[in-house]
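Contents: one structure, followed by commentary.
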Amino acid sequence: MPELPEVETIRRGLEKFILNKKIIRTDILCEKSFHGTPLTGKVVALRRFGKALIIDLDNHNSLMIHLRMTGQLIYDSKDSDRFAAGHPSENFLASLPNKQTRVVISLDSGTLYFNDQRKFGFIKSMPTSEVENDTFIKKLAKEPWVMTEDEFYEKLQRHAKSPIKAVILDQSIICGLGNIYADEALFAAQIHPATPAGSLTKGQAKLLLESAREVMDKSIASGGSTMATYVKPDGTRGDYLEKFAQVFRRNGELCPRCQKAKIEKTRIAGRGTHFCPTCQKLGRTAK
DNA sequence: CTAGGATCCTGTCAGC
DNA sequence: TGCTGACAGGATCCTA
(Lines give C-alpha, C1' and ligand atoms only; values in the text may rest on other atoms or scores of the structure.)
Protein backbone atom coordinates (compact mmCIF):
# COMPACT_ATOMS: atom_id res chain seq x y z
CA MET A 1 0.00 0.00 0.00
CA PRO A 2 0.72 3.46 0.24
CA GLU A 3 3.17 3.73 3.08
CA LEU A 4 3.06 6.11 6.02
CA PRO A 5 3.68 9.30 4.02
CA GLU A 6 0.92 8.43 1.57
CA VAL A 7 -1.56 7.70 4.34
CA GLU A 8 -0.64 10.96 6.03
CA THR A 9 -1.16 12.74 2.73
CA ILE A 10 -4.57 11.10 2.46
CA ARG A 11 -5.44 12.02 6.04
CA ARG A 12 -4.59 15.67 5.57
CA GLY A 13 -6.38 15.85 2.27
CA LEU A 14 -9.53 14.04 3.29
CA GLU A 15 -9.73 16.17 6.40
CA LYS A 16 -10.28 19.21 4.22
CA PHE A 17 -13.16 17.55 2.43
CA ILE A 18 -15.09 15.42 4.93
CA LEU A 19 -14.47 16.84 8.41
CA ASN A 20 -17.89 17.78 9.86
CA LYS A 21 -19.67 16.11 6.96
CA LYS A 22 -22.21 13.37 7.50
CA ILE A 23 -22.01 9.79 6.32
CA ILE A 24 -25.48 8.87 5.07
CA ARG A 25 -25.13 5.40 3.65
CA THR A 26 -22.63 2.70 2.71
CA ASP A 27 -22.78 0.35 -0.25
CA ILE A 28 -20.62 -2.73 0.06
CA LEU A 29 -19.73 -4.08 -3.36
CA CYS A 30 -17.33 -6.69 -2.02
CA GLU A 31 -18.15 -8.36 1.29
CA LYS A 32 -14.53 -9.15 1.98
CA SER A 33 -13.61 -5.48 1.93
CA PHE A 34 -15.86 -4.35 4.80
CA HIS A 35 -15.77 -5.79 8.31
CA GLY A 36 -18.49 -5.04 10.83
CA THR A 37 -21.59 -2.89 10.58
CA PRO A 38 -21.78 0.09 8.24
CA LEU A 39 -21.96 3.42 10.06
CA THR A 40 -23.75 6.72 9.70
CA GLY A 41 -22.89 9.94 11.48
CA LYS A 42 -20.84 13.12 11.38
CA VAL A 43 -17.09 12.94 10.88
CA VAL A 44 -15.36 14.56 13.86
CA ALA A 45 -11.73 13.52 13.35
CA LEU A 46 -9.29 11.79 11.02
CA ARG A 47 -6.40 10.02 12.69
CA ARG A 48 -3.52 7.88 11.54
CA PHE A 49 -1.70 5.01 13.24
CA GLY A 50 1.21 3.93 11.09
CA LYS A 51 -0.34 3.06 7.76
CA ALA A 52 -3.90 2.84 9.11
CA LEU A 53 -6.40 5.66 8.73
CA ILE A 54 -9.14 6.18 11.31
CA ILE A 55 -12.32 8.16 10.72
CA ASP A 56 -14.07 9.06 13.98
CA LEU A 57 -17.78 9.83 14.01
CA ASP A 58 -19.82 11.89 16.48
CA ASN A 59 -21.68 8.82 17.77
CA HIS A 60 -18.55 7.23 19.27
CA ASN A 61 -18.02 4.88 16.37
CA SER A 62 -15.07 4.78 14.00
CA LEU A 63 -13.98 3.40 10.68
CA MET A 64 -10.51 1.97 10.33
CA ILE A 65 -9.18 1.86 6.78
CA HIS A 66 -6.26 -0.22 5.60
CA LEU A 67 -5.14 0.20 2.02
CA ARG A 68 -2.52 -2.55 2.08
CA MET A 69 -0.95 -3.03 -1.35
CA THR A 70 -3.49 -1.66 -3.80
CA GLY A 71 -6.07 0.38 -1.88
CA GLN A 72 -7.17 3.78 -3.05
CA LEU A 73 -9.47 6.39 -1.59
CA ILE A 74 -11.17 8.67 -4.06
CA TYR A 75 -13.52 11.40 -2.98
CA ASP A 76 -15.86 13.16 -5.35
CA SER A 77 -17.42 16.22 -3.82
CA LYS A 78 -20.64 17.62 -5.12
CA ASP A 79 -18.92 20.75 -6.35
CA SER A 80 -16.73 18.51 -8.53
CA ASP A 81 -13.41 18.49 -6.69
CA ARG A 82 -11.81 15.07 -6.81
CA PHE A 83 -9.47 13.86 -4.13
CA ALA A 84 -7.60 10.73 -5.11
CA ALA A 85 -4.78 9.04 -3.30
CA GLY A 86 -3.35 5.64 -2.57
CA HIS A 87 -2.20 2.95 -4.93
CA PRO A 88 -1.39 4.64 -8.22
CA SER A 89 -3.39 3.77 -11.28
CA GLU A 90 -5.48 5.38 -13.95
CA ASN A 91 -8.50 4.53 -11.85
CA PHE A 92 -8.01 7.86 -10.18
CA LEU A 93 -9.26 9.51 -13.29
CA ALA A 94 -11.85 6.94 -14.38
CA SER A 95 -15.57 7.19 -13.78
CA LEU A 96 -16.74 5.64 -10.54
CA PRO A 97 -17.67 3.17 -9.30
CA ASN A 98 -15.59 0.85 -11.47
CA LYS A 99 -14.50 -2.76 -11.49
CA GLN A 100 -12.16 -2.28 -8.56
CA THR A 101 -14.54 -0.31 -6.37
CA ARG A 102 -15.24 -2.33 -3.20
CA VAL A 103 -17.06 0.12 -0.92
CA VAL A 104 -18.97 3.33 -1.62
CA ILE A 105 -19.57 5.69 1.29
CA SER A 106 -22.09 8.45 0.61
CA LEU A 107 -21.82 11.67 2.58
CA ASP A 108 -24.03 14.74 2.50
CA SER A 109 -21.18 16.53 0.73
CA GLY A 110 -20.08 13.90 -1.78
CA THR A 111 -19.01 10.30 -2.24
CA LEU A 112 -15.99 8.39 -0.96
CA TYR A 113 -14.93 5.39 -3.02
CA PHE A 114 -12.70 2.64 -1.67
CA ASN A 115 -11.02 0.88 -4.59
CA ASP A 116 -8.75 -2.09 -4.12
CA GLN A 117 -7.53 -4.26 -6.97
CA ARG A 118 -6.19 -7.14 -4.93
CA LYS A 119 -8.72 -7.02 -2.07
CA PHE A 120 -6.01 -7.11 0.59
CA GLY A 121 -7.20 -3.86 2.11
CA PHE A 122 -10.37 -3.33 4.11
CA ILE A 123 -12.58 -0.97 6.02
CA LYS A 124 -13.60 -2.00 9.52
CA SER A 125 -16.13 -0.42 11.85
CA MET A 126 -15.77 -0.39 15.63
CA PRO A 127 -16.51 1.73 18.67
CA THR A 128 -14.06 4.63 18.90
CA SER A 129 -13.00 3.39 22.32
CA GLU A 130 -11.84 0.12 20.75
CA VAL A 131 -9.57 1.60 18.09
CA GLU A 132 -6.47 1.57 20.22
CA ASN A 133 -7.24 -1.96 21.39
CA ASP A 134 -7.51 -3.29 17.85
CA THR A 135 -5.07 -6.15 17.39
CA PHE A 136 -3.37 -4.49 14.45
CA ILE A 137 -3.05 -1.08 16.09
CA LYS A 138 -1.82 -2.60 19.34
CA LYS A 139 1.06 -4.36 17.63
CA LEU A 140 2.42 -1.23 15.98
CA ALA A 141 5.78 -0.05 17.23
CA LYS A 142 6.77 3.61 17.47
CA GLU A 143 7.25 5.70 14.38
CA PRO A 144 10.81 6.78 13.57
CA TRP A 145 10.28 10.31 14.86
CA VAL A 146 9.50 9.19 18.39
CA MET A 147 11.80 6.19 18.63
CA THR A 148 15.16 6.88 20.23
CA GLU A 149 18.47 5.64 18.78
CA ASP A 150 19.02 3.45 21.81
CA GLU A 151 15.61 1.86 21.50
CA PHE A 152 16.17 1.20 17.83
CA TYR A 153 19.61 -0.24 18.34
CA GLU A 154 18.33 -2.48 21.12
CA LYS A 155 15.56 -3.80 18.84
CA LEU A 156 18.13 -4.63 16.16
CA GLN A 157 19.94 -6.87 18.61
CA ARG A 158 16.77 -8.88 19.13
CA HIS A 159 16.66 -9.69 15.42
CA ALA A 160 20.38 -9.91 14.99
CA LYS A 161 20.41 -12.48 12.22
CA SER A 162 17.67 -11.04 10.04
CA PRO A 163 18.56 -8.85 7.11
CA ILE A 164 18.16 -5.22 8.15
CA LYS A 165 15.64 -4.62 5.40
CA ALA A 166 13.30 -7.30 6.78
CA VAL A 167 13.65 -5.78 10.23
CA ILE A 168 12.71 -2.23 9.26
CA LEU A 169 9.74 -3.48 7.24
CA ASP A 170 8.33 -5.12 10.38
CA GLN A 171 5.69 -2.75 11.77
CA SER A 172 6.01 -4.24 15.23
CA ILE A 173 9.67 -3.21 15.32
CA ILE A 174 9.48 0.23 13.75
CA CYS A 175 6.33 1.60 12.23
CA GLY A 176 5.66 3.35 8.94
CA LEU A 177 8.28 2.17 6.47
CA GLY A 178 7.26 0.11 3.47
CA ASN A 179 9.19 -1.18 0.51
CA ILE A 180 10.01 2.19 -1.03
CA TYR A 181 11.15 3.99 2.09
CA ALA A 182 13.03 0.98 3.41
CA ASP A 183 15.17 0.95 0.25
CA GLU A 184 15.57 4.71 0.28
CA ALA A 185 16.51 4.90 3.95
CA LEU A 186 19.11 2.13 3.56
CA PHE A 187 20.61 3.87 0.57
CA ALA A 188 20.76 7.17 2.42
CA ALA A 189 22.50 5.46 5.35
CA GLN A 190 24.79 3.49 3.00
CA ILE A 191 23.83 0.16 4.48
CA HIS A 192 23.43 -2.99 2.38
CA PRO A 193 19.87 -4.28 2.76
CA ALA A 194 21.08 -7.83 3.47
CA THR A 195 23.28 -6.77 6.39
CA PRO A 196 22.40 -8.78 9.51
CA ALA A 197 20.62 -6.33 11.81
CA GLY A 198 22.82 -7.29 14.73
CA SER A 199 26.00 -6.31 12.95
CA LEU A 200 25.09 -2.66 12.50
CA THR A 201 27.15 -0.33 14.65
CA LYS A 202 25.44 2.15 16.92
CA GLY A 203 26.45 4.85 14.50
CA GLN A 204 24.85 3.04 11.60
CA ALA A 205 21.67 2.45 13.56
CA LYS A 206 21.47 6.13 14.40
CA LEU A 207 22.07 7.12 10.80
CA LEU A 208 19.45 4.68 9.54
CA LEU A 209 16.85 5.98 11.97
CA GLU A 210 17.59 9.56 10.92
CA SER A 211 17.48 8.57 7.26
CA ALA A 212 14.07 6.96 7.72
CA ARG A 213 12.77 10.20 9.21
CA GLU A 214 14.26 12.25 6.41
CA VAL A 215 12.97 10.25 3.47
CA MET A 216 9.47 10.15 4.90
CA ASP A 217 9.52 13.84 5.86
CA LYS A 218 10.50 14.72 2.33
CA SER A 219 7.77 12.55 0.90
CA ILE A 220 5.07 13.99 3.13
CA ALA A 221 6.22 17.48 2.17
CA SER A 222 5.93 16.64 -1.51
CA GLY A 223 2.52 15.01 -1.20
CA GLY A 224 3.55 11.40 -1.11
CA SER A 225 5.47 9.27 -3.51
CA THR A 226 4.24 8.83 -6.96
CA MET A 227 4.06 6.69 -9.94
CA ALA A 228 3.00 8.44 -13.07
CA THR A 229 -0.56 8.56 -11.85
CA TYR A 230 -0.30 9.35 -8.18
CA VAL A 231 -2.75 12.10 -7.40
CA LYS A 232 -2.72 14.33 -4.35
CA PRO A 233 -5.77 15.34 -2.35
CA ASP A 234 -6.20 18.52 -4.35
CA GLY A 235 -5.93 16.67 -7.66
CA THR A 236 -2.30 17.52 -8.36
CA ARG A 237 0.18 14.68 -8.38
CA GLY A 238 2.57 13.75 -5.63
CA ASP A 239 6.09 13.55 -6.93
CA TYR A 240 8.31 11.87 -4.39
CA LEU A 241 9.52 9.12 -6.70
CA GLU A 242 10.35 11.51 -9.50
CA LYS A 243 12.08 14.11 -7.36
CA PHE A 244 13.57 12.27 -4.44
CA ALA A 245 13.75 8.52 -4.86
CA GLN A 246 17.38 7.56 -5.35
CA VAL A 247 17.13 3.82 -5.86
CA PHE A 248 13.54 2.59 -5.84
CA ARG A 249 12.70 1.23 -9.31
CA ARG A 250 15.86 2.80 -10.66
CA ASN A 251 17.73 -0.46 -11.26
CA GLY A 252 20.03 -0.15 -14.23
CA GLU A 253 20.47 3.59 -13.70
CA LEU A 254 23.75 5.12 -12.58
CA CYS A 255 23.95 5.57 -8.81
CA PRO A 256 23.20 9.21 -8.02
CA ARG A 257 25.78 9.25 -5.24
CA CYS A 258 28.93 7.55 -6.54
CA GLN A 259 28.19 7.91 -10.25
CA LYS A 260 30.13 4.68 -10.78
CA ALA A 261 27.94 1.66 -10.24
CA LYS A 262 24.51 0.95 -11.54
CA ILE A 263 21.62 0.44 -9.14
CA GLU A 264 20.89 -3.25 -8.73
CA LYS A 265 17.66 -5.03 -7.97
CA THR A 266 17.52 -8.19 -5.95
CA ARG A 267 15.14 -10.00 -3.63
CA ILE A 268 15.43 -9.68 0.12
CA ALA A 269 12.82 -10.58 2.70
CA GLY A 270 10.60 -11.63 -0.17
CA ARG A 271 10.49 -8.12 -1.59
CA GLY A 272 12.07 -6.43 -4.56
CA THR A 273 15.07 -4.57 -3.18
CA HIS A 274 17.09 -1.80 -4.82
CA PHE A 275 20.58 -0.71 -3.81
CA CYS A 276 23.95 0.55 -5.02
CA PRO A 277 26.57 -2.23 -4.87
CA THR A 278 29.33 0.33 -4.40
CA CYS A 279 27.80 2.63 -1.80
CA GLN A 280 26.10 -0.13 0.18
CA LYS A 281 28.66 -2.85 0.69
CA LEU A 282 27.93 -5.86 2.84
CA GLY A 283 29.97 -5.69 6.00
CA ARG A 284 30.93 -2.07 5.38
CA THR A 285 31.85 -0.36 8.62
CA ALA A 286 30.32 2.88 9.74
CA LYS A 287 32.10 6.07 8.97
C1' DC B 1 11.05 -16.52 21.22
C1' DT B 2 12.73 -15.74 16.16
C1' DA B 3 13.03 -16.77 11.06
C1' DG B 4 11.47 -17.86 6.62
C1' DG B 5 8.11 -19.09 3.36
C1' DA B 6 3.37 -19.48 1.71
C1' DT B 7 -0.74 -17.09 1.26
C1' DC B 8 -4.63 -13.76 0.43
C1' DC B 9 -6.30 -11.54 -4.77
C1' DT B 10 -6.26 -9.31 -9.40
C1' DG B 11 -3.75 -7.49 -13.11
C1' DT B 12 0.21 -6.61 -16.04
C1' DC B 13 4.26 -7.58 -18.36
C1' DA B 14 8.18 -10.32 -20.33
C1' DG B 15 9.25 -14.30 -22.78
C1' DC B 16 8.16 -17.94 -25.33
C1' DT C 1 -2.51 -14.27 -30.55
C1' DG C 2 -2.29 -17.12 -26.50
C1' DC C 3 -0.10 -19.18 -22.72
C1' DT C 4 2.95 -19.15 -18.52
C1' DG C 5 5.35 -17.59 -14.75
C1' DA C 6 7.05 -13.75 -12.14
C1' DC C 7 6.02 -9.97 -9.72
C1' DA C 8 3.53 -6.24 -7.18
C1' DG C 9 4.55 0.55 -2.32
C1' DG C 10 1.35 -5.25 2.94
C1' DA C 11 0.58 -8.13 6.62
C1' DT C 12 -0.71 -12.62 8.60
C1' DC C 13 -0.45 -17.40 9.33
C1' DC C 14 2.02 -21.58 9.56
C1' DT C 15 6.00 -24.25 10.23
C1' DA C 16 10.67 -25.29 11.90
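Everything numeric in this text was worked out from a predicted model, so none of it was measured.
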OP1 or OP2 of C:dA8 under 4.0 Å from side-chain N/O of A:K265: yes
Phosphate contact (C:dG10 OP1 or OP2) by A:H66 side-chain N/O below 4.0 Å: no
Touch class at under 4.0 angstrom, heavy-atom based, for A:G121 against every strand present: nothing
N/O donor-acceptor pair, side chain A:R118 with base C:dA8, under 3.5 angstrom: yes
Rounded distance (Å) that lies between atom P of B:dA6 and atom CZ of A:R271: 15 Å
Earlier contact from the 5' end, DNA chain C, for A:L169 and A:G270: A:G270
C:dA11 phosphate, OP1 or OP2, under 4.0 Å from A:Q171 side-chain N/O: yes
Euclidean distance, atom CG of residue A:L140 to atom C1' of C:dG10 [Å, nearest integer]: 12 Å
Option among A:R47, A:R11, A:K42 that satisfies the salt bridge (Lys or Arg N to Asp or Glu O under 4.0 Å) test with A:D56: A:R47
CA sep, side-chain torsions, deciding dist, call: A:F244, A:S219, side chain to side chain contact (heavy atoms under 4.5 Å, CB included): CA-CA 8 Å; A:F244 302 115; A:S219 185; over 6 Å; no
Between C:dG5 and B:dA6 - P atom distance, rounded Å: 16 Å
Comparing A:A166 and A:Q117 on DNA chain B - which has the more 5′ nearest nucleotide: A:A166
Pair assignment for B:dC9, Watson-Crick or G-U wobble, requiring both distances under 3.5 Å: none
Stacking check A:F120 vs B:dC8 (5.5 Å / 30 deg): yes
Atom pair distance, as rounded to whole Å: NZ in A:K161 and P in C:dA16: 18 Å
Distance flag, aromatic centroids of A:F187 and A:H274, threshold under 6.0 Å: no
Watson-Crick or G-U wobble mate for C:dT15, both contacts under 3.5 Å: B:dA3
NE2/A:H60: more than 12 non-hydrogen atoms of other groups inside 6.0 Å: no
Lys/Arg cation over aromatic A:F34: A:R102, 6.0 Å, 45° cone: no
A:F136 over C:dA11, stacked by centroid distance under 5.5 Å, angle under 30°: no
Closest to the A:K51 side chain, choosing from C:dA8, C:dT12, C:dG10: C:dG10
Spacing of A:K119 atom NZ relative to C:dA11 atom C1', expressed in whole Å: 18 Å
Mutual orientation of the aromatic rings belonging to A:Y75 and A:F17 [parallel < 30°, tilted 30-60°, perpendicular > 60°]: tilted
d(CG, A:D116; P, C:dG9) in whole Å: 14 Å
Gap in Å between the two P atoms, one belonging to C:dA6 and one to B:dG5, rounded: 15 Å
Interatomic distance, A:K124 NZ vs C:dA11 P [rounded to whole Å]: 14 Å
Interatomic distance where CD1 belongs to A:I164 and P belongs to B:dG4 [whole Å]: 13 Å
Selected nucleotide, minimal atom distance to A:Q100 side chain, candidates B:dG11, C:dT12, C:dG10: B:dG11
Length of the CD1-C1' vector between A:I268 and B:dG4, whole Å: 14 Å
Side-chain donor/acceptor contact of A:E6 with base of C:dG9 under 3.5 Å: yes
